[in-house]
Amino acid sequence: MKIRLDKYLADMGCGTRSQVKQEISKGHVTVNDAVVRRPEYKINTDEDRVCLSGLDVAYEKYEYYMLNKPAGVVSAVRDSVDKTVLDLIDSRRDDLFPAGRLDKDTEGLLLITNDGELAHRLLSPRKHVDKVYYARIDGEVTEDDIIRFRNGIDIGDEKPSLPAELEILRSGRESEILLTIREGRFHQVKRMFHATGKEVLYLKRLQMGTLKLDENLAPGEYRRLTEEEVNAL
Ligand code: URA
């Protein structure tokens, strides 16, 4: 990939675009051991060796973050009113996006990346990637609901929901459940429970494909994915 020298350095967290331009003009930046003073100089990210003040700045094509999304922020890149999930990530890259959406009031696992291909693989409706949710439900969740969810239910769309696996953790006037679904329709979990006459009080995503939410992350916290986690996806 070809990329401007100033963008390369800014993307790799070496400073803002104007800060790195200053470093470049001061002669602090070398490309393949030769000083380059033009910020627009094109770097080949696969071949060129870029150094700032004598230190290697390796290029990372993709970044992957696991965010424990808190309630109250929207799963968008930009929003004129609400805080977005990207506002929570401290990265200088301008091409990150959330791979999928959680409702504003939903918490839990959200992958933030700039890897479009991986996001497509995870989100494509044809791939049927498992998503596991924990929810607190207003009402008694019963064995009947397990069967209904397994058989697929009418949630007001053209087609019923695909078979989903419901596990009851606690059943009572308020219930706690785990639900695994293999699609990601708009408000899907809330609409599935609504179709059974119950409402979701709290919803949190725990897992997406092989990727599990790190329990050490408090809502609003995030960390980089490990190499194993990326490879497994
Ligand atoms: N289902 C919902 O209803 N909301 C979410 O945020 C995710 C799945």
Side-chain angles (χ1 to χ4, degrees), residues 65-79 81-89 96-113 118-141 145-146 148-170 174-215 217-222 233:
Y65 298 94
M66 169 191 297
L67 169 69
N68 184 356
K69 179 192 169 297
V73 299
V74 294
S75 302
V77 173
R78 238 168 271 106
D79 193 277
V81 180
D82 289 309
K83 195 166 169 174
T84 74
V85 288
L86 282 188
D87 293 331
L88 301 171
I89 308 286
L96 293 173
F97 59 89
R101 282 170 182 273
L102 291 176
D103 296 337
K104 188 172 167 185
D105 59 351
T106 300
E107 295 187 356
L109 176 65
L110 195 62
L111 173 66
I112 312 278
T113 184
L118 177 82
H120 178 73
R121 276 207 306 280
L122 283 174
L123 302 175
S124 165
R126 268 175 290 149
K127 302 277 189 214
H128 301 313
V129 170
D130 281 5
K131 288 139 207 133
V132 183
Y133 292 88
Y134 162 86
R136 273 204 322 274
I137 307 295
D138 186 13
E140 191 177 345
V141 180
D145 293 321
I146 295 180
R148 292 181 71 183
F149 278 26
R150 190 178 293 148
N151 291 338
I153 52 176
D154 179 3
I155 56 172
D157 291 343
E158 218 173 288
K159 289 187 182 161
S161 57
L162 288 177
E165 203 177 302
L166 177 60
E167 184 185 337
I168 301 173
L169 302 175
R170 180 172 65 87
E174 205 178 288
S175 306
E176 284 178 81
I177 61 94
L178 291 176
L179 179 64
T180 305
I181 58 175
R182 297 181 177 88
E183 44 191 349
R185 301 190 205 174
F186 185 62
H187 293 332
Q188 177 155 353
V189 177
K190 291 173 186 164
R191 285 159 69 210
M192 287 173 81
F193 279 100
H194 185 75
T196 69
K198 295 176 270 287
E199 300 302 328
V200 171
L201 297 171
Y202 171 82
L203 185 60
K204 178 178 184 177
R205 183 156 62 195
L206 303 178
Q207 191 172 341
M208 197 170 170
T210 54
L211 189 63
K212 288 189 178 149
L213 179 65
D214 184 332
E215 289 172 3
L217 296 174
E221 289 185 344
Y222 65 92
L233 284 174

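In each ligand, atom 1 is the first atom listed, and ligand 1 is the first ligand listed. These values consider heavy atoms only, across backbone and side chains, with no hydrogens, waters or symmetry-generated copies.
Two residues are said to be in side-chain contact when any heavy atoms from C-beta on lie closer than 4.5 Å; Val73 and Asp82 fail this criterion. Put simply, the side chain of Val200 does not reach to within 4.5 Å of the side chain of Met192, judged on heavy atoms. The shortest side-chain heavy-atom distance between Lys190 and Thr106 falls under the 4.5 Å cut-off.
Take Glu176 and apply the salt bridge (Lys or Arg N to Asp or Glu O under 4.0 Å) test, not counting sequence neighbours, and it matches Arg170.
For ligand 1, the polar-atom distance check finds no N/O of Arg191 at less than 3.5 Å from any of the ligand's N/O atoms.
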Kindly list each side-chain donor-acceptor pair under 3.5 angstrom involving residues 152-164, sequence neighbours excluded, with atom names and distances?
{"residue": "Asp154", "atom": "OD1", "partner": "Gly156", "partner atom": "N", "Å": "2.8"}
{"residue": "Asp157", "atom": "OD1", "partner": "Arg191", "partner atom": "NH2", "Å": "2.4"}
{"residue": "Asp157", "atom": "OD2", "partner": "Arg185", "partner atom": "NH1", "Å": "2.9"}
{"residue": "Asp157", "atom": "OD2", "partner": "Arg191", "partner atom": "NH2", "Å": "3.0"}
{"residue": "Ser161", "atom": "OG", "partner": "Ile153", "partner atom": "N", "Å": "2.9"}
{"residue": "Ser161", "atom": "OG", "partner": "Ile153", "partner atom": "O", "Å": "3.3"}

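Contacts with ligand 1 closer than 4.0 Å are made by side-chain heavy atoms of Thr106 only, the backbone lying farther away. Counting heavy atoms under 4.0 Å from ligand 1, residue Leu203 touches it through the side chain alone.
Heavy-atom separations between Tyr133 and ligand 1 include at least one value shorter than 4.0 Å.
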Step by step, work out the side chain to side chain contact (heavy atoms under 4.5 Å, CB included) result for Leu233 and Thr210.
-> CA-CA 6 Å; Leu233 284 174; Thr210 54; 3.7 Å; yes
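Taking atom 6 (O) of ligand 1 as the reference point, the nearest protein heavy-atom neighbour is Asp103 N, 2.7 Å. The nearest protein atom to atom 1 (N) of ligand 1, hydrogens excluded, is given as Val189 N, 3.1 Å; this is a heavy-atom distance.
Near Lys190, with a cut-off below 4.0 Å to any heavy atom, the atoms of ligand 1 are 3 (O).
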